[in-house]
Protein chains: 2
Amino acid sequence: MTHSEENYIKAIYHLSGGGMHSVPTNAIASQMETQPSSVTDMIKKLSDKEYVLYKKYRGVHLSEKGINTALAIIRKHRLWEVFLAEKLDFNWDEVHDVAEQLEHIKSEKLIDKLDEFLGFPKYDPHGDPIPGKNGELAQRSLKLLSAMRPDEEGICVGVKDSSVSFLKFLDKHNIALGDHIKILDVEEFDESLNIQIESKQLHISKRIATNLFIKPKLV
Amino acid sequence: MTHSEENYIKAIYHLSGGGMHSVPTNAIASQMETQPSSVTDMIKKLSDKEYVLYKKYRGVHLSEKGINTALAIIRKHRLWEVFLAEKLDFNWDEVHDVAEQLEHIKSEKLIDKLDEFLGFPKYDPHGDPIPGKNGELAQRSLKLLSAMRPDEEGICVGVKDSSVSFLKFLDKHNIALGDHIKILDVEEFDESLNIQIESKQLHISKRIATNLFIKPKLV
DNA sequence: ATTAATTTTTAGATTTGTCTAAATATCATA
DNA sequence: TATGATATTTAGACAAATCTAAAAATTAAT
Ligand SMILES: [Mn+2]
Ligand SMILES: [Mn+2]
Ligand SMILES: [Mn+2]
Ligand SMILES: [Mn+2]
């Protein structure tokens, strides 16, 4: 597999909800910032190699082989993100770009030893689950903060948007994964929320709340 | 710089004795296992970009810029080798191939943080010096084991040949970097050596002795 | 059910890095 | 110094990954 093929497989995986549904050519093109014609070319190659099922004009669907390949790449990506954050003190908004390069290094031994070195982490610095050696994905029951009602409580365990700007925003307001969050009240006017996070109170917009994953406290 | 350009620069650096002398096209071709015509093509590109000085039929010479680029790649290569050996328990015969991939990752912050994480090592697992951030190379006065005379002593600090087969041979005979070595005597017939290494005695061929670097004991 | 808008594919070109075969320059040797 | 051997470059081709422009299929709107 070339770097380019791997990047396409990964993009299709994300766009298809983990291989659940099929993905239109243009969606891949805009995700990857290439031309639709380039996508068509690559899809044909991936189809020949049986990573995807492809019917002209009907979009593309990941095969079992394609899903497993995607999971292997995502496993590498997220383990490297953990390494960068935990061992090299990278901030969580800095890890992604470097991991985009590191995910293409080919060595099974390397990634398994890295996994061990990191203590077999289950989640990356953004709270996304790390696929296991055989593609197993940890499942958690989590909610978006925006879906919670007053008096509900939980732990902040992940971000939906992991753009640099959002992550920096969270840093600025001292919101971090692992923080305890309680909804105080929700403004009817704009659905903004007053929350208690750890010891301090905070007012946040709906936009923010739709991008934070919470593991609700079991009552 | 592309991966391929980086690999050429590195090969030229090694073949030219660190940029000291010029390198013939065919030497590069055989080192890189490509055709001489491919080398000519690449040399032209590197010359346009001013990494090398090139006169048709006269071989190629690294520029200052080329030397610095080579040192930066070698720094990355050797730091990754240390990481693999020290942190992930790779054997010293396994680190090179993976480092060949890792050396192309582009992130200054990554390599500086890695350097710090490793405790600013000065030598890689084969005893080769690791260039500093600004290209400084540690210099040691060392000798080949084959150049030593009976009763001379020293510490084994590096290998000249770092092929997998040689490294495995050393493992098998319990020869490791850091070992104390004393020459007992040299056979006149084939220049093989009887040595004392740490506590045990060993008979080794001239071929072996020409591939071990020793830091002589100051008398 | 036509027609118009959108999406997708095809055709043909470009760049990068490689190759083979042929031409040319340099080197070694008589 | 002429000649043959060796080293190097040129010419032309190819595969991979991309692009633009044009054609074709699908979808949406009248
Ligand atoms: Mn990421
Ligand atoms: Mn992540
Ligand atoms: Mn190496
Ligand atoms: Mn080394």
Side-chain angles (χ1 to χ4, degrees), chain A residues 1-17 21-63 66 69-70 73 100-101 103-106, chain B residues 1-17 21-63 66 69-70 73 100-101 103-106:
Chain A
M1 290 225 88
T2 65
H3 286 200
S4 188
E5 287 172 337
E6 290 187 343
N7 286 334
Y8 274 93
I9 295 273
K10 196 168 49 122
I12 296 168
Y13 179 89
H14 288 307
L15 290 167
S16 68
H21 40 86
S22 84
V23 182
T25 304
N26 275 12
I28 301 169
S30 72
Q31 165 90 5
M32 304 201 53
E33 302 182 78
T34 54
Q35 296 313 117
S37 55
S38 309
V39 175
T40 301
D41 288 343
M42 182 55 85
I43 281 174
K44 282 178 183 163
K45 191 187 312 177
L46 293 176
S47 177
D48 289 344
K49 298 189 178 180
E50 300 189 303
Y51 290 103
V52 300
L53 308 170
Y54 172 54
K55 280 267 160 60
K56 270 192 201 176
Y57 295 101
R58 290 278 98 115
V60 69
H61 203 101
L62 276 181
S63 70
T69 304
I73 302 164
E100 283 290 304
Q101 298 180 62
E103 72 189 2
H104 299 293
I105 302 292
K106 280 157 191 62
Chain B
M1 292 225 88
T2 65
H3 286 201
S4 188
E5 286 172 337
E6 290 187 345
N7 287 334
Y8 274 93
I9 295 273
K10 196 167 49 120
I12 296 168
Y13 179 89
H14 288 308
L15 291 167
S16 69
H21 39 87
S22 82
V23 182
T25 303
N26 275 10
I28 302 170
S30 71
Q31 164 91 4
M32 304 202 51
E33 302 183 79
T34 54
Q35 297 311 118
S37 54
S38 309
V39 175
T40 302
D41 287 344
M42 181 55 84
I43 280 173
K44 283 178 184 164
K45 191 187 314 176
L46 293 176
S47 177
D48 289 345
K49 297 190 178 181
E50 301 189 301
Y51 290 103
V52 300
L53 307 170
Y54 172 54
K55 281 268 160 62
K56 270 193 201 177
Y57 296 100
R58 289 278 99 113
V60 69
H61 203 99
L62 277 181
S63 68
T69 303
I73 301 164
E100 284 290 304
Q101 299 180 60
E103 72 189 3
H104 300 293
I105 302 292
K106 278 155 192 63

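Both backbone and side-chain heavy atoms feed into the values below; hydrogens, waters and symmetry mates do not. Lettering follows sequence order; numbering is per chain, from 1.
- An OP1 or OP2 oxygen of dT18(D) is reached within less than 4.0 angstrom by no side-chain nitrogen or oxygen of Ser38(A).
- For the pair Leu46(A) and Val60(A), the minimum side-chain heavy-atom distance is 4.5 Å or more.
- Distance, Tyr57(B) OH to dT9(D) C1': 4 Å, rounded to whole Å.
- Taking atom CG of Asp48(A) as the reference point, atom C1' of dA15(D) lies 14 Å away to the nearest angstrom.
- Put simply, Gln35(B) has a side-chain N or O that comes within less than 4.0 Å of OP1 or OP2 on dT20(C).
- A straight line from OH of Tyr54(A) to C1' of dT9(C) spans 7 Å, rounded to a whole angstrom.
- Residue Asp41(B) places its side chain closer to dC19(C) than to any other of dT18(D), dT8(C), dC19(C).
- We find that CD1 of Ile43(A) is positioned 15 Å from C1' of dT18(D), with the value rounded to whole Å.
- Proximity of Lys56(A) to the phosphate of dT10(C): a side-chain N or O atom is located under 4.0 Å from OP1 or OP2.
- Between Asn26(A) and the phosphate of dT6(C), there is no side-chain N or O to OP1/OP2 separation shorter than 4.0 Å.
- Residue contacts for Lys44(A): at a heavy-atom cut-off of 4.0 Å it reaches the sugar-phosphate backbone alone, with no base atom in range.
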Applying side-chain contact (heavy atoms from CB on, under 4.5 Å), run through Glu5(B) and Tyr51(B) and close with a yes or a no. CA-CA 10 Å; Glu5(B) 286 172 337; Tyr51(B) 290 103; 5.6 Å; no
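- Counting to the nearest Å, the C1' atom of dT18(C) and the CD atom of Glu5(B) are 14 Å from each other.
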Step-by-step side-chain contact (heavy atoms from CB on, under 4.5 Å) determination, Thr34(A) to Met42(A): CA-CA 11 Å; Thr34(A) 54; Met42(A) 182 55 85; over 6 Å; no
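- No side-chain heavy atom of Thr69(A) sits under 4.5 Å from any side-chain heavy atom of Glu6(A).
- In terms of phosphate contacts, Arg58(A) brings a side-chain nitrogen or oxygen within less than 4.0 Å of OP1 or OP2 of dT27(D).
- Residue contacts shown for Thr40(B) include a base, since a base heavy atom lies under 4.0 Å away.
- Note on Tyr8(A): every side-chain N or O is 4.0 Å or more away from OP1 and OP2 of dA16(D).
- Below 30°, between 30° and 60°, or above 60°: for His3(B) and His3(A) the angle between ring planes is above 60°, a perpendicular geometry.
- The distance between atom CD1 of Ile28(B) and atom C1' of dA7(D), rounded to the nearest whole Å, is 13 Å.
- Across the protein-nucleic acid pair, Met42(A) atom CE and dA15(D) atom P stand 16 Å apart, rounded to whole Å.
- Considering only side-chain N and O atoms, Ser37(A) lies nowhere under 4.0 angstrom from the phosphate OP1 or OP2 of dT18(D).
- Between Ser4(A) and the phosphate of dT18(D), there is a side-chain N or O to OP1/OP2 separation shorter than 4.0 Å.
- Taking atom CD of Glu33(A) as the reference point, atom P of dT18(D) lies 13 Å away to the nearest angstrom.
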